[in-house]
*Asks:* 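First the structure, which I've put down as structure tokens, then a few questions once you've had a look.
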2 protein chains.
Amino acid sequence: MVVKGTTSRQARRPGAEPGLRERKRSATQQRIAEAAARLATDQGIAETTVDEIATAAGIGRATFFRYFDSKELAIATGLSDAGAYVLAGVLADVPARLGPLDAVRAAYARLGEDFEAYRPMFLEQAQLSRSSPAMLAWTLYLYVDWEVAIAEAVASRFTDLRPGDPRPRMLGAHTMTAARLACDEWVADAGRGDLPALIQQYLAASPTSTPTSPTSPQGES
Amino acid sequence: MVVKGTTSRQARRPGAEPGLRERKRSATQQRIAEAAARLATDQGIAETTVDEIATAAGIGRATFFRYFDSKELAIATGLSDAGAYVLAGVLADVPARLGPLDAVRAAYARLGEDFEAYRPMFLEQAQLSRSSPAMLAWTLYLYVDWEVAIAEAVASRFTDLRPGDPRPRMLGAHTMTAARLACDEWVADAGRGDLPALIQQYLAASPTSTPTSPTSPQGES
DNA sequence: CAAGAATGTGAGACTCAGTATCATTCGAGT
DNA sequence: ACTCGAATGATACTGAGTCTCACATTCTTG
């Protein structure tokens, strides 16, 4: 759902490699998202028009809307391409013996290792995502895609998984929620705090960690 | 954040009852949301203009945007006022001995009792919330308010709650996620299934129900 | 390689969402 | 009653998002 659907009535057989048309399409998609994110980061969202983004991406205005439903969505996509989507990829490299939740925590820990290098860029993007109601709304919309990606990435770690099992999707949502709330708190603190640690704290705060049980703070970075 | 903030520099002392001005304001807010939801339900979202909503609510066009940031937000608010916000209210009436998660499950069970009466209306609203990317984005945006409301409603059920404890917010998000995903599945099934039961299933699928541990099905409907 | 079908593209026109301004009206407190 | 701050509505304006159509590009089939 990240790429706006093509009108392809001309179905491609599943096994074949993507043709020139599809490669061009995803390349254009990426150029637009990158241009949108860069312009919005530089000049602000309101000051960036779709015309500018389209020109910067080397396409026409009408074409822009064939790729993204809204300006905010293009920006949010460009911001996040460098961000949370990689989590699904990292998840694949985490030891298979780890359970779903532990795998997520390990993946975040891995990502947190070179967090400091990206801190300023990350803060800028996190602030931009929250800078207006419309921007936040479309960011939340994108999170759904990430939830699905994470759900697919962890699904194999569930044993006795029945079709339609709610657990992978719920874990995907839980993961994104932890990231979102941790980011909220981090941004509210002007990006001074330790975001990876915050994420781990939120991840640990599962709904079944009943108050009577100690809910050990889990202070690992 | 449901009501768009007033510019009130003339602070009202916290104890006093709301004056005519504030009562009028929330009444107008509600009239707009209701008119927006009704028109959108009747004619569709794209076919409903802000002008129509404003006229139906008996206000001017410019005033509309002093109450809502976007058309979709007004519609989503109108749709949800009849829906999930009541959950926070029901939560207060649930026996105090229940823990946070059990309280949520009990509250949903209570709401599910007269679900059948509202099934058609509920389905219509759920479909409308998912009818377009923009509508879904703004619906997700509203869910954040509900998360906060639920978090506040369950906070007292956590023992040893430190300020800034992530658990209430995470539970609020968990609750809304369960409702959202259950609704997705329910809508995909054209509203034929048992929504309350679905919600309970999703609620039970907590991230710590590790696959190695039996993950007791918790089959109470 | 040729030709036709399917699809992607850009230009321009159009509707309407969302913002800003300003004169007017309304509510709260004296 | 009087005054100040806030809410309102009319108006005008920018720009998002949609639509259509002519044209270009890619895919397919022979």
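Here is the naming used below: chain letters follow the sequence lines, and residue numbers restart at 1 for every chain. Given the structure is predicted, the values throughout are model-derived calculations rather than measurements.
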*Asks:* Looking at R180(A) and E147(B), does any basic side-chain N land under 4.0 Å from a carboxylate oxygen?
*Replies:*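 Between E147(B) and R180(A) there is a salt bridge, with a charged N closer than 4.0 Å to a carboxylate O.
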*Asks:* Do R61(B) side-chain atoms and E52(B) backbone N/O form a donor-acceptor pair below 3.5 Å?
*Replies:*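 Side chain of R61(B) to backbone of E52(B), a donor-acceptor pair under 3.5 Å: no, none is there.
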*Asks:* Check this one for me: any side-chain N or O of T63(B) less than 4.0 Å away from OP1 or OP2 of dT8(D)?
*Replies:*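 No, because none of the side-chain N or O atoms of T63(B) sits under 4.0 Å from OP1 or OP2 of dT8(D).
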*Asks:* Tell me, please, whether Y202(A) has R169(B) positioned over its six-membered ring: NZ or CZ under 6.0 Å from the ring centre and within 45 degrees of its axis?
*Replies:*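 No, R169(B) does not lie over the aromatic ring of Y202(A).
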*Asks:* Quick one: I75(B) CD1 to dC16(C) C1', roughly how many Å, whole number?
*Replies:*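 For the pair I75(B) CD1 and dC16(C) C1', the rounded distance is 14 Å.
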*Asks:* Is it true that a side-chain atom of S129(B) and a backbone atom of Q125(B) form a donor plus acceptor pair closer than 3.5 Å?
*Replies:*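 Present.
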*Asks:* Salt bridge between E116(A) and R119(A), side-chain N to carboxylate O under 4.0 Å?
*Replies:*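 Yes.
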*Asks:* Let me know the distance between CZ of F64(B) and P of dC16(C), rounded to the nearest Å.
*Replies:*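 Those two atoms, CZ and P, are 15 Å apart.
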*Asks:* Would you kindly give the CZ-to-P distance between R31(B) and dA7(D), to the nearest whole Å?
*Replies:*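 Going from R31(B) (CZ) to dA7(D) (P), I get 15 Å.
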*Asks:* Would you mind reading off the distance between D69(A) atom CG and dA17(C) atom P, rounded to a whole angstrom?
*Replies:*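 One finds 17 Å between P of dA17(C) and CG of D69(A), rounded.
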*Asks:* Starting the side chain at C-beta, find the nucleotide from dG17(D), dG9(D), dA17(C) nearest to K71(A).
*Replies:*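 Nucleotide nearest to K71(A)'s side chain: dG17(D).
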*Asks:* Which nucleotide, dG17(D), dG18(C), dT9(C), lies nearest any side-chain atom of R66(A)?
*Replies:*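 Among the listed nucleotides, the one closest to the side chain of R66(A) is dT9(C).
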*Asks:* Can you confirm whether S132(B) sits close enough to E72(B) that some side-chain heavy atom of one is under 4.5 Å from a side-chain heavy atom of the other?
*Replies:*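 Heavy-atom side-chain distance check fails, nothing below 4.5 Å.
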*Asks:* Which nucleotide, dA17(C), dA10(D), dT9(C), lies nearest any side-chain atom of R61(B)?
*Replies:*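 For the R61(B) side chain, the nearest candidate turns out to be dA17(C).
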*Asks:* Check whether the ring centres of W146(A) and Y141(A) lie less than 6.0 Å apart, and answer yes or no.
*Replies:*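 No, the ring of W146(A) stays outside the 6.0 Å limit from the ring of Y141(A), centre to centre.
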*Asks:* Strictly below 4.0 Å, N to O, side chains only: are D165(B) and R162(B) in salt-bridge contact?
*Replies:*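 No, this pair does not count.
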*Asks:* Looking at side-chain heavy atoms only, is the closest gap between M170(A) and T177(B) below 4.5 Å?
*Replies:*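 The answer is yes, as the side chains (C-beta and beyond) meet within the 4.5 Å cut-off.
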*Asks:* Taking 4.0 Å as the cut-off, does a side-chain nitrogen or oxygen of K24(A) come that near to OP1 or OP2 on dT26(D)?
*Replies:*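 Checking dT26(D) against K24(A), a side-chain N or O does come within under 4.0 Å of OP1 or OP2.
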*Asks:* Whether Y67(B) contacts dT8(D) is assessed here as follows: a side-chain N or O lying under 4.0 Å from the phosphate OP1 or OP2. Is that the case?
*Replies:*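 Yes, within the criterion.
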*Asks:* Provide, to the nearest angstrom, the distance between the CZ atom belonging to F65(B) and the P atom belonging to dA10(D).
*Replies:*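 The answer, rounded to whole Å, is 15 Å.
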*Asks:* Please state how far atom CD in E72(B) lies from atom C1' in dG18(C), giving the value in whole angstrom units.
*Replies:*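 Distance check: E72(B) CD to dG18(C) C1' gives 11 Å.
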*Asks:* Which of residues 41-59 of chain A have a heavy atom under 4.0 Å from DNA chain D?
*Replies:*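 Close to the strand are T48(A), T49(A), V50(A).
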*Asks:* With nearest nucleotide decided by heavy atoms, which residue, G60(B) or W138(A), maps closer to the 5′ end of DNA chain D?
*Replies:*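 The answer here is G60(B).
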*Asks:* For the side chain of T28(B), starting at C-beta, report the closest nucleotide among dT18(D), dT8(D), dT11(D).
*Replies:*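 So the side chain of T28(B) is nearest to dT8(D).
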*Asks:* Please give the angle, rounded to 10 degrees, between the axes at the start and the end of the helix from dC1(C)-dG30(D) to dT30(C)-dA1(D), where five pairs define each axis.
*Replies:*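 The value is 40°.
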